[in-house]
Structure formats: C-alpha cells, structure tokens
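Values below: every heavy atom of this structure, side chains too, minus hydrogens, waters and symmetry copies. Predicted, not measured: the structure shown is a model, and the values here were computed from it.
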Amino acid sequence: LTGIISSCAASVICALSSDEKRGEKDKKFVYIAKNTLFASKAAEDLKFFAENPEDIIILNPYEYMLYDVETKSTELSAQRVDTLYKIVTGKWKILVTTPVAAAQWLPKPTYIEKSAIVIREGDIIEIDDLAKKLSSIRYTRLAEIDGKGQFAVRGDIVDVFPYGAENPIRIEFFDNEIDSVRVFDILSQRTIDKTKEVLILPDNETYIWDWDHADRVRKDILRDLEAT
C-alpha cells in the first residue's frame, strides 16, 4: 500500500484480513516496516483496528552479541521465541517485521515446536522427565522460585515461572498424572486462577536445536581442528 498514512494502512490491512466474502479463510499478511521503531508503531495501529489484537504478532531482529551475552534483554529474546512459535503453529493473522529480521537465520520449524513444553491437565508425564525437559531449555532448578526461567520440585508439586508470563504456575501431580494447573502469586503463594493448559518456551532461540544434529556438528568441528 502506498500513498496513505500508516494508520490508514493498518485499517485497510485489518479490513482485508477479516474479509471472508471471497471465501478465503486463514489468510495471512506480512507487514514489513523499515525499522523496529516503525514496526512497533505499525503493530500498535494494527492491534487497535484488529478484531482480535492477539492475531497481530511482531518479529524484531535478533540481537547478535559476540561478548557478554548475558547482558542481552531476556524479555525481548523471549518475545521473539514466542512469536516464532506462533508462526510455526499458525496462531497469527498479521506479522509485523523488518527487512533485517526477515533476512536473519531462523531455527527449523520442527525444532521450534519440539522446544515447546505444553502442560495440560490430565496429561501423563513423570516429574523427573518434566524436570529434564525444563533443564534442556535453560530453566534453572532451585529449592524455591523467585523469578522467571526457574522451576522447583517439591514432592508431587512442580512450580515453574515461564518466560513471558506475568505469574508462575503450580503443577500438582497424582502419581504421574497432572492433577491440576494453577497460576499463583509468587509473594503470597496464593492461587490466582486455574487453567487447563500452559505453554512453556525457552528464553532464547539459540537454545532451540536438535541435539543429534548439534552433536554431529561438534564432531565435524573437532575433526576439522584435528586435521589442521
């Protein structure tokens, strides 16, 4: 779209995305802004006009840092992982991004889906297996959680604070069956709400990989180093 102001463009795009008169369902639109500032403004405008603001997702560029990686914004990287998961699972209508973000390397869609941990009431899983899965996507095991990216195991209870969540969740088991999933306040430890399903994602896409593939790459690198 050219010749109209950004807010009007957002209104037109939302109208097109919700127009089902042509019999086209599940239409997807990609809005490419020239930089992250314009992308953020476009996403705000689109959410204002959209029937469901959650249909609008934004993919910002990955922050490449060759030093002091821990200083990177965990919140921004977690948002990016959440966006990638929504893309591969089709839970979006309009994607806002930039040329830089669109040109960057991305993990394979299958790797992104495999990295996600979906907790559902009634699911069967061993507590030890759940703990291993959480550790594999860089969640830290502690005696008691006090921040995001942490989990604790106490008997038949597993507390997890997912990245991107406002509050932690408490998973109660009956043997190896998930008996209940509750959202609770981290300070008072009181239940805020009950839920049937929770999505747990890693905080950074650099931890989204296939372990067998990573092992093959490691061996190839070692072999090349030994040959030099």
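Using a 4.0 Å cut-off between charged side-chain N and carboxylate O, Lys132 and Asp128 make no salt bridge. Taking the charged nitrogens against the carboxylate oxygens, Arg216 and Asp220 have no contact shorter than 4.0 Å, which rules out a salt bridge. Using a 4.0 Å cut-off between charged nitrogen and carboxylate oxygen, Lys133 and Asp129 do not count as a salt-bridge pair.
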Quiz item: When you look at Asp45 and Lys41, which way does the salt bridge (Lys or Arg N to Asp or Glu O under 4.0 Å) test go after all the steps?
Solution: CA-CA 6 Å; Asp45 291 339; Lys41 179 62 170 63; 2.8 Å; yes
Quiz item: Please walk me through it: do Ile32 and Thr98 pass side chain to side chain contact (heavy atoms under 4.5 Å, CB included)?
Solution: CA-CA 5 Å; Ile32 300 180; Thr98 67; 5.6 Å; no
Quiz prompt | Audit row: Lys194, Val183, side chain to side chain contact (heavy atoms under 4.5 Å, CB included) steps and yes/no | solution = CA-CA 6 Å; Lys194 290 185 177 180; Val183 182; over 6 Å; no
Quiz item: Given Ile94 and Asp55, is the side chain to side chain contact (heavy atoms under 4.5 Å, CB included) satisfied, shown in steps?
Solution: CA-CA 6 Å; Ile94 302 175; Asp55 290 335; over 6 Å; no
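For the 3.5 Å distance criterion, the side chains of Gln189 and Asp185 fail to qualify, holding no donor opposite an acceptor. Defined by atom type and a distance below 3.5 Å, a donor-acceptor pair is present between the side-chain atoms of Asn204 and Tyr62.
One hydrophobic cluster holds both Leu84 and Leu199 under the rule that ILVMFWY side chains link at heavy-atom gaps under 4.5 Å. If you chain together hydrophobic residues whose side chains sit under 4.5 Å apart, Val96 and Phe38 never meet in one group. Note: the hydrophobic cluster containing Ile87 also contains Val30 (ILVMFWY, side chain heavy atoms under 4.5 Å, direct or indirect links). Note on Ile157 and Ile178: separate hydrophobic clusters, where clusters join Ile, Leu, Val, Met, Phe, Trp and Tyr whose side-chain heavy atoms are under 4.5 Å apart, directly or indirectly.
Within the 3.5 Å criterion, the main-chain N or O of Ile169 finds no donor-acceptor partner in the side chain of Arg182. Judged purely by atom type and a 3.5 angstrom limit, Ser40 has no side-chain atom pairing as donor or acceptor with the backbone of Leu37. Although no hydrogens or angles enter the test, the distance criterion places a donor-acceptor pair under 3.5 Å between the side chain of Ser77 and the main chain of Asp203. In this structure a side-chain-to-backbone donor-acceptor pair under 3.5 Å is present from Lys28 to Trp92. Distance alone, capped at 3.5 Å, places no donor-acceptor pair between the Thr195 side chain and the Val181 backbone. With Lys27 contributing its side chain and Lys93 its backbone, the two residues share no donor-acceptor pair below 3.5 Å.
With contacts defined as side-chain heavy-atom distances shorter than 4.5 Å, the pair Tyr139/Gln150 does not qualify. When side chains are defined from C-beta on, Arg138 does not count as touching Pro202, because their heavy atoms never get closer than 4.5 Å. Within the 4.5 Å cutoff, side-chain heavy atoms of Leu130 are placed close to those of Ile117. Put simply, the side chain of Arg170 reaches to within 4.5 Å of the side chain of Arg154, judged on heavy atoms. Between Phe173 and Asp179, the closest side-chain pair of non-hydrogen atoms is not below 4.5 Å. No side-chain heavy atom of Val160 sits less than 4.5 Å from a side-chain heavy atom of Pro168. Annotation: side chain of Phe151 is in contact with side chain of Ser135 (closest heavy-atom distance under 4.5 Å). For the pair Thr83 and Tyr85, the minimum side-chain heavy-atom distance is 4.5 Å or more.
Cluster partners of Phe48, using a side-chain heavy-atom cutoff of under 4.5 Å among ILVMFWY residues and allowing indirect links, are Phe49. The hydrophobic cluster containing Ile186 also includes Ile145, Phe161, Phe184, Leu187, under a criterion of side-chain heavy atoms closer than 4.5 Å among ILVMFWY residues, counted directly or through chains of members. Connectivity analysis of hydrophobic side chains (ILVMFWY, heavy atoms under 4.5 Å, direct or indirect) links Leu225 to Val217, Ile221.
Nearest heavy atom pair, residue Thr97 against residue Ala102, reads OG1-N, 4.1 Å. Here the shortest heavy-atom pairing between Ala152 and Ala143 reads CB-O, 3.7 Å. Annotation for Pro162 and Val198: closest pair CG-CG1, 4.5 Å, computed over non-hydrogen atoms. The two residues Ala101 and Leu59 make their nearest non-hydrogen contact at CB-O, 3.5 Å. Pairing each heavy atom of Pro61 with each of Val100, the nearest pair is CB-CG1, 3.9 Å.
Geometric assessment of Lys114 against the ring of Tyr111 yields a negative cation-pi assignment under the 6.0 Å and 45° thresholds.
More than 12 heavy atoms of other shown residues, nucleotides or ligands fall within 6.0 angstrom of atom CD in Glu197.
Atom CG of Leu201 sits about 6.0 Å away from atom OG of Ser115, to the nearest 0.5 Å. Going from atom CG of Asp159 over to atom CD1 of Ile171 covers 8.0 Å, rounded to the nearest 0.5 Å. Interatomic distance, CZ of Arg80 versus CG of Asn60, reported as 8.0 Å (0.5 Å rounding). Here the straight-line distance linking atom CD1 of Ile56 with atom CD1 of Ile58 works out to 11.0 Å at 0.5 Å rounding. Between the CG atom of Asp156 and the CG atom of Asn176 there is a distance of 10.5 Å, given to the nearest 0.5 Å. Summarising the geometry, atom CD1 belonging to Ile57 is positioned 11.5 Å from atom CG belonging to Leu46; distances are rounded to the nearest 0.5 Å.
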